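One structure is given below, encoded as structure tokens.
Chain letters run A, B, ... following the sequence lines, proteins first, then strands; residues in each count from 1. Only a predicted model underlies this, so the values are computations on that prediction, with no experimental measurement involved.
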2 protein chains.
Amino acid sequence: MLSNSSKYAINAVLYVAVNSSIENKILAKDISRETQIPQAYLSKLMQELTRHNLISSVRGPNGGFYLTDENRGVSLLQIVNVIDGDNRLTSCMLGLHACDHQHPCAVHHLVGDTKTRFVENLEKTTVQDLVSDIKSGKSFLGI
Amino acid sequence: MLSNSSKYAINAVLYVAVNSSIENKILAKDISRETQIPQAYLSKLMQELTRHNLISSVRGPNGGFYLTDENRGVSLLQIVNVIDGDNRLTSCMLGLHACDHQHPCAVHHLVGDTKTRFVENLEKTTVQDLVSDIKSGKSFLGI
DNA sequence: AGATTTAAAGACTTTTTTATCCTTTTTATG
DNA sequence: CATAAAAAGGATAAAAAAGTCTTTAAATCT
């Protein structure tokens with residue numbers, strides 16, 4: 001479904017979203033420890049997310065990662081697209097280029113609407129939405 | 001979503017389903033040419049499917065691949081499970097072991113039912129179902 | 001200014017997935 | 001029985017993904 005890297009990225013961003021603020025930034029080392037994501041690899045992913053302005057960071061003492069209000073409005077799809085590339089989720093299930101609604105592949109109809117709905121969910125769900133869920137106890141943050 | 005290998009496998013099985021019968025078996029070479037799947041790699045996949053009795057084959061002159069009536073009742077999920085392993089589709093979206101319905105991860109609810117429904121679709125859709133669709137022009141077989 | 005802390009960046013290694021090549025076994029047929 | 005046709009099987013190679021290590025740049029604090 002998602003690559004390992006995307007899973008890591010979402011977990012890490014959520015961890016930052018819940019546990020940090022501009023005054024209270026969080027280090028790659030700490031994210032790594034709490035999420036079990038290998039530190040060096042995590043750093044790469046965070047770098048990439050920062051470069052695309054999906055999260056924020058500052059270097060040096062008291063630096064680290066944090067989210068601005070704008071960052072909190074980022075959707076899960078944006079995160080996935082930056083890490084996995086734009087068409088991992090939307091490409092044809094059988095890998096056929098010619099496949100679309102007019103000209104559906106053999107499995108298109110049995111995937112079509114559920115996949116579309118799933119991608120739509122990823123698109124409309126923001127980091128902040130998930131933080132609210134977590135804070136209200138609706139879901140938990142992985143360890 | 002699915003690995004390349006699974007996509008190949010489904011495409012190949014469907015090609016065999018539509019274009020062959022016990023009297024008219026089809027060669028790896030021909031499947032490869034028509035589906036654009038690299039022959040040697042395709043052979044490996046077919047081998048694996050044969051070993052798990054999802055498709056049938058005979059060696060030697062006039063040999064090749066074909067499907068029995070039983071093979072035509074095989075579900076897409078069986079194919080995917082043989083090629084990709086059992087939990088590629090059912091594991092947690094964020095890769096968390098502790099995630100389940102009682103204890104859902106942050107993205108669980110926005111994936112939960114669509115993913116479940118998708119896997120159910122794969123489970124209940126047989127090769128024969130897709131052949132019917134293709135023959136009635138509802139969908140097409142990739143090239 | 002110098003030392004320290006931290007992310008950014010780049011080079012590298014390992015593992016997994018995808019792909020190829022070559023040999024062996026099975027089956028049919030002349 | 002010899003030969004050819006085909007899948008099965010094993011060993012290897014190439015590419016992509018995942019992961020590590022080392023150096024560089026930026027920010028802060030004495």
Item to check | Gap between atoms CG and C1', on B/Leu42 and C/dA19 respectively (whole Å) | outcome: 12 Å

Next on the checklist: At 4.0 Å (heavy atoms only), tell me whether A/Lys29 reaches a base, stays on the sugar-phosphate, or touches nothing.
Outcome noted: nothing

Checklist entry - Starting at CD1 of B/Ile31 and ending at P of D/dA7, how long is that distance when rounded to a whole Å? => result 8 Å

Item to check | Interatomic distance, B/Arg51 CZ vs D/dG9 P [rounded to whole Å] | outcome: 6 Å

Next on the checklist: Between A/Gln39 and D/dT20, is there a contact of a side-chain N or O with OP1 or OP2 at under 4.0 Å?
Outcome noted: no

Item to check | Whole-Å gap separating C1' (C/dT16) and CG (A/Asn4) | outcome: 11 Å

Item to check | First encountered from the 5' end of DNA chain D, between A/Tyr41 and B/Pro61 | outcome: B/Pro61

Checklist entry - For C/dA19, does either OP1 or OP2 sit under 4.0 Å from a side-chain N or O belonging to B/Tyr8? => result yes

Checklist entry - How would you label the contact of A/Lys25 with the nucleic acid (heavy atoms, under 4.0 Å): base, sugar-phosphate, or nothing? => result nothing

Next on the checklist: Please compare B/Ser6 and B/Arg59 by the position of their nearest nucleotide in DNA chain C and report the one closer to 5'.
Outcome noted: B/Ser6

Checklist entry - Under 4.0 angstrom, heavy atoms only, what part of the nucleic acid is A/Ile26 near: base, sugar-phosphate, or nothing? => result sugar-phosphate

Item to check | Side chain proximity check, B/Lys115 to B/Met93, heavy atoms < 4.5 angstrom | outcome: yes

Next on the checklist: I want to check one thing: is the phosphate of D/dA7, taken as OP1 and OP2, less than 4.0 Å away from some side-chain N or O of B/Ser57?
Outcome noted: no

Item to check | Side-chain H-bond candidate by donor/acceptor type, B/Thr126 with B/Asp129, under 3.5 Å | outcome: yes

Checklist entry - Do A/His103 and A/His108 have ring centres separated by under 6.0 Å? => result no

Checklist entry - So does A/Asn62 get a side-chain nitrogen or oxygen closer than 4.0 Å to the phosphate oxygens (OP1/OP2) of C/dT4? => result no

Checklist entry - Quick one: do A/Glu48 and A/Arg51 make a salt bridge, cutoff under 4.0 Å? => result yes

Item to check | Euclidean distance, atom NZ of residue B/Lys44 to atom P of C/dT17 [Å, nearest integer] | outcome: 16 Å

Checklist entry - Do B/Thr68 and B/Asn71 have side-chain atoms, one donor and one acceptor, less than 3.5 Å apart? => result yes

Item to check | d(CG, B/Asp30; P, D/dA5) in whole Å | outcome: 14 Å

Next on the checklist: From CG of A/Asp84 over to P of D/dA17, roughly how many Å is that when rounded to an integer?
Outcome noted: 9 Å

Next on the checklist: Let's test your reading of the model: under 3.5 Å, does the base of C/dA7 pair with the side chain of A/Gln47 as donor and acceptor?
Outcome noted: no

Checklist outcome for this item: To the nearest angstrom, the CG-P distance between B/Leu27 and D/dA8 comes to 12 Å

Checklist entry - Quick one: is C/dT17 close enough that its OP1 or OP2 comes under 4.0 Å of any side-chain N or O from B/Ser3? => result no

Checklist entry - Base, sugar-phosphate, or nothing: which does B/Ser43 touch, judged by heavy atoms less than 4.0 Å apart? => result nothing

